[in-house]
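Written out below as structure tokens is the structure these notes cover.
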Amino acid sequence: MKYWLIKSEPDVFGIEDLKKAQVEPWDGIRNYQARNFMRDEMEIGDLALFYHSNTKPPGVCGVARVASRPYPDPTQFDEKSKYYDPKSKEEEPRWCLLDFEFVAEMPNYVSLDDLKAEAEGKLEGMLVLRRGNRLSITPVEKKHFNHVLKMGGLAAKDVS
DNA sequence: GCCAACGTTGGC
DNA sequence: GCCAACGTTGGC
């Protein structure tokens, strides 16, 4: 089982929205590296830290779980969608997505500052703390995942 | 709203 | 295949 961090802007789709929807197709990923993670490496049951970006303060607010195999992102063929990609062909889709399901909301919001405070300790090497990192999906080491979980006030049993 | 970082595009 | 121009992300 692998661990991930997925970013989302709460104004667009936050943890509350996921909680309400329970399962959500993670559409709109238009970055090859992030796509490849979904297409090639994510498996059903993998857990992801749900991160709120572009908000004050940014930080980890919950946990989600991979709930489907990858499949073509329908928004790439929708001319009215902001994610429309005219270069993508139905017979050879360029972008894929998969579903995430709600697992838990953190009792304690773990802000980016909180994460940074441990950047040279327990969370050393965590990709989201790297300067200039803009990737919306990043792999997370198990020990980092578990530590952030604890910081957020969750135990392993809360996400199993 | 600014701007640094970084990915993508397209001319050559 | 290089690289300048451009667009986007996301913290501040």
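Keep in mind that what you see is a predicted model, and the values were worked out from it rather than measured.
Nucleotides of DNA chain B nearest to A:G132 and A:N54 differ in position, and the one nearer the 5' end is that of A:N54.
A donor-acceptor contact closer than 3.5 angstrom links the side chains of A:W95 and A:D85.
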Please list every donor-acceptor pair under 3.5 Å in which a side-chain atom of residues 50-62 of chain A meets a protein atom from a residue at least two apart or in another chain.
from, atom 1, to, atom 2, distance (Å)
A:H52, NE2, A:I15, N, 3.1
A:N54, ND2, A:E9, OE2, 3.2

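Residue-level contact check: A:K56 touches neither bases nor backbone, having no heavy atom under 4.0 Å from any strand.
You'll find that the side chain of A:R134 is closest to C:dT8, out of C:dT8, B:dT8, C:dG10. Taking only side-chain atoms of A:S53, from C-beta outward, the nucleotide of B:dT8, B:dT9, C:dG10 with the closest atom is C:dG10.
Distance A:N31 CG to B:dC6 P: 13 Å, rounded to the nearest Å. Residue A:R94 contributes atom CZ, which lies 11 Å from atom C1' of B:dT9 at whole-angstrom precision. The distance from atom CZ of A:R30 to atom C1' of C:dC6 is 19 Å, rounded to the nearest whole Å. Distance OH (A:Y83) to P (C:dT8): 12 Å, rounded to an integer number of Å. Separating the NZ atom of A:K87 from the P atom of B:dG10 is a distance of 5 Å, rounded to the nearest angstrom. Summarising the geometry, the separation between CZ on A:R35 and C1' on B:dT8 is reported as 14 Å, rounded to the nearest angstrom. Between A:N133 atom CG and C:dT9 atom C1' there is a gap of 10 Å when expressed in whole angstrom units. Separating the CD1 atom of A:I29 from the P atom of B:dT8 is a distance of 13 Å, rounded to the nearest angstrom.
Linking Ile, Leu, Val, Met, Phe, Trp and Tyr residues whenever their side-chain heavy atoms come within less than 4.5 Å places A:L149 and A:M1 in a single cluster.
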>> With side-chain contact (heavy atoms from CB on, under 4.5 Å) as the criterion, how do A:M151 and A:N108 come out once you've worked through the C-alpha distance, each side chain's angles and the decisive distance to 0.1 Å?
In response: CA-CA 7 Å; A:M151 291 170 80; A:N108 314 315; over 6 Å; no

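Contacts between residues 110-127 of chain A and DNA chain C, defined by a heavy-atom separation below 4.0 Å, involve A:L112, A:K116, listed by number.
Contact check, A:Y51 against C:dG11: a side-chain N or O comes under 4.0 Å of OP1 or OP2.
Sparse packing is recorded around CD of A:E92, with 12 or fewer heavy atoms of other residues, nucleotides or ligands lying under 6.0 Å away. By the 6.0 Å contact criterion, CZ on A:R69 is open, its count of non-hydrogen atoms from other residues, nucleotides or ligands being 12 or less.
Residues A:D99 and A:P25 meet the side-chain proximity criterion, which asks for heavy atoms closer than 4.5 Å.
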